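What follows is a single structure, written as structure tokens, with notes after it.
Keep in mind it's a predicted model, so treat the numbers as computed, not measured.
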Amino acid sequence: MATTYKQLQDRVLTYGYGEVDRANVKSWLNEAYEDIVRSFRWPWLQATQTITTVAGTQAVAIPATPPVLFFGRLKPTSSVELSEPRFLSEMDFREYMPNRQFTSTVAADRGVPAYYSIFEGNLNFYPVPDAVYTFSLRYWKGITTLPSADGDTYLCPDPYLDALVINALSRAAMRENDMSKYQVYVAQYTAHVAQMMRNAKSEQGETPKRAAMPSAYSGRYDRE
């Protein structure tokens, strides 16, 4: 069973705080959660959205709910055979694409989207789509709601919840102006989040793997 919001509050309170501090602890835990969410592309925040183009329209609005925190890839899902469009920065998209083709509504300047850029909450395609195409936008979502009721839970897995408690304790130490305690908690929190990131990278196959050396390898080159 997932750890509840109240259970996390109680854990923080056991470090020498009373019921009078519960309101602050609630805020500290949620602030810690927001910090962690923004710090990395966590597996538990992965999501997909369907993006559908409109013939003759260059910009397609990025869905606002849930908010897109980090972008991943735009994968074609149409029945029409498509290649994955290449991402361009907004500067490249506007500066290096031919201006006439960028703004033209002439049918000859339309086609299958080969490039896209992100600007002002829109996906901008080039060439201007000549038909309806669908893509799967893979991304990492941001926070839509924070726990408020005692029985609420966080999206992050239970093994990661220690980081929320440590972060909340560092905020409590800051309020008390106890800098020595604050520095200890910050060091613990930084180390904990770094380990969480290593675990996440490993889970997603991002950790470089080394091939095993042959059993007859003498280690000759290591000694040179």
Side-chain angles (χ1 to χ4, degrees), residues 2 30-149 152-157 160 193 196-197 199-207:
N30 283 341
E31 289 167 6
Y33 180 61
E34 290 182 300
D35 285 348
I36 289 173
V37 165
R38 295 192 192 100
S39 67
F40 190 71
R41 293 170 169 82
W42 303 108
W44 32 276
L45 291 175
Q46 291 174 344
T48 59
Q49 287 274 6
T50 298
I51 300 295
T52 304
T53 67
V54 176
T57 300
Q58 186 176 55
V60 177
I62 298 169
T65 305
V68 177
L69 188 61
F70 300 109
F71 283 88
R73 300 175 67 178
L74 197 62
K75 301 288 290 185
T77 57
S78 297
S79 56
V80 178
E81 186 174 346
L82 296 175
S83 297
E84 183 175 341
R86 178 184 173 190
F87 173 77
L88 292 178
S89 69
E90 178 62 19
M91 179 181 292
D92 287 344
F93 195 82
R94 290 191 177 275
E95 296 296 329
Y96 298 109
M97 290 294 172
N99 288 333
R100 187 182 73 83
Q101 291 182 329
F102 180 82
T103 58
S104 177
T105 58
V106 178
D109 294 331
R110 300 180 187 178
V112 177
Y115 302 91
Y116 75 101
S117 184
I118 300 165
F119 187 68
E120 291 186 340
N122 292 321
L123 292 168
N124 298 284
F125 291 97
Y126 176 84
V128 174
D130 62 347
V132 173
Y133 300 104
T134 58
F135 298 88
S136 177
L137 174 63
R138 301 179 182 184
Y139 68 100
W140 288 263
K141 60 188 176 183
I143 297 171
T144 52
T145 58
L146 289 167
S148 57
D152 289 348
T153 58
Y154 290 98
L155 287 177
C156 54
Y160 293 171
V193 172
M196 288 165 54
M197 290 179 179
N199 293 345
K201 289 179 180 179
S202 178
E203 291 168 8
Q204 297 182 81
E206 296 178 10
T207 303

Using the side chain to side chain contact (heavy atoms under 4.5 Å, CB included) criterion, which residues pair with [X]? Sequence neighbours excluded.
X    : value
T153 : A2
S83  : none
A59  : N122, N124
T57  : V54

Check: [X] side chain, [Y] main-chain N or O, donor-acceptor pair, under 3.5 Å:
X    : Y    : answer
T53  : Y133 : yes
T134 : T52  : no
W140 : P43  : no
S39  : I36  : yes

[Y] and [X], any side-chain heavy atoms less than 4.5 Å apart:
X    : Y    : result
F87  : I118 : yes
P63  : I51  : yes
T48  : L137 : no
V128 : R110 : yes

Measure across [X] and [Y] and return the closest heavy-atom pair with its distance rounded to 0.1 Å.
X    : Y    : answer
F125 : L74  : CE2-CD2, 3.7 Å
T77  : S136 : CG2-CB, 3.7 Å
F135 : P76  : CD2-CA, 3.7 Å
P66  : Q49  : CD-NE2, 3.5 Å
A114 : P127 : N-CD, 3.7 Å

Worksheet item: Roughly how far apart are M197 CE and S202 OG, rounded to 0.5 Å?
Response: 15.0 Å
Fill in: Rounded distance (nearest 0.5 Å) linking atom CE of M196 with atom CH2 of W42
4.0 Å
Just to verify, what does [X] make a side-chain hydrogen bond (donor to acceptor under 3.5 Å, both in side chains) with, not counting sequence neighbours?
X    : value
D35  : R171
D152 : none
Y154 : N30

Discussion item. With side-chain contact (heavy atoms from CB on, under 4.5 Å) as the criterion, how do L146 and E31 come out once you've worked through the C-alpha distance, each side chain's angles and the decisive distance to 0.1 Å?
Written reply: CA-CA 9 Å; L146 289 167; E31 289 167 6; over 6 Å; no
Sequence neighbours excluded - salt bridge (Lys or Arg N to Asp or Glu O under 4.0 Å) pairs with any residue from [range]:
range          : value
residues 64-77 : R73-E84, K75-E84
residues 38-67 : E34-R38
residues 42-59 : none

Worksheet item: So, for Y126 and Y116, is the gap between ring centers shorter than 6.0 Å?
Response: no
Discussion item. Taking side chain to side chain contact (heavy atoms under 4.5 Å, CB included) as the criterion, tell me which of T144, I62, I143 meets it with P67.
Written reply: T144
Discussion item. If the condition is ring pair (Phe, Tyr, Trp, His ring centres under 6.0 Å), which residues does Y139 pass it with, not counting sequence neighbours?
Written reply: none
Practice prompt. Quick one: list whatever passes ring pair (Phe, Tyr, Trp, His ring centres under 6.0 Å) with F71, sequence neighbours left out.
Written response: none
Worksheet item: Given Y33 and Y160, is the ring pair (Phe, Tyr, Trp, His ring centres under 6.0 Å) satisfied, shown in steps?
Response: CA-CA 10 Å; Y33 180 61; Y160 293 171; over 10 Å; no
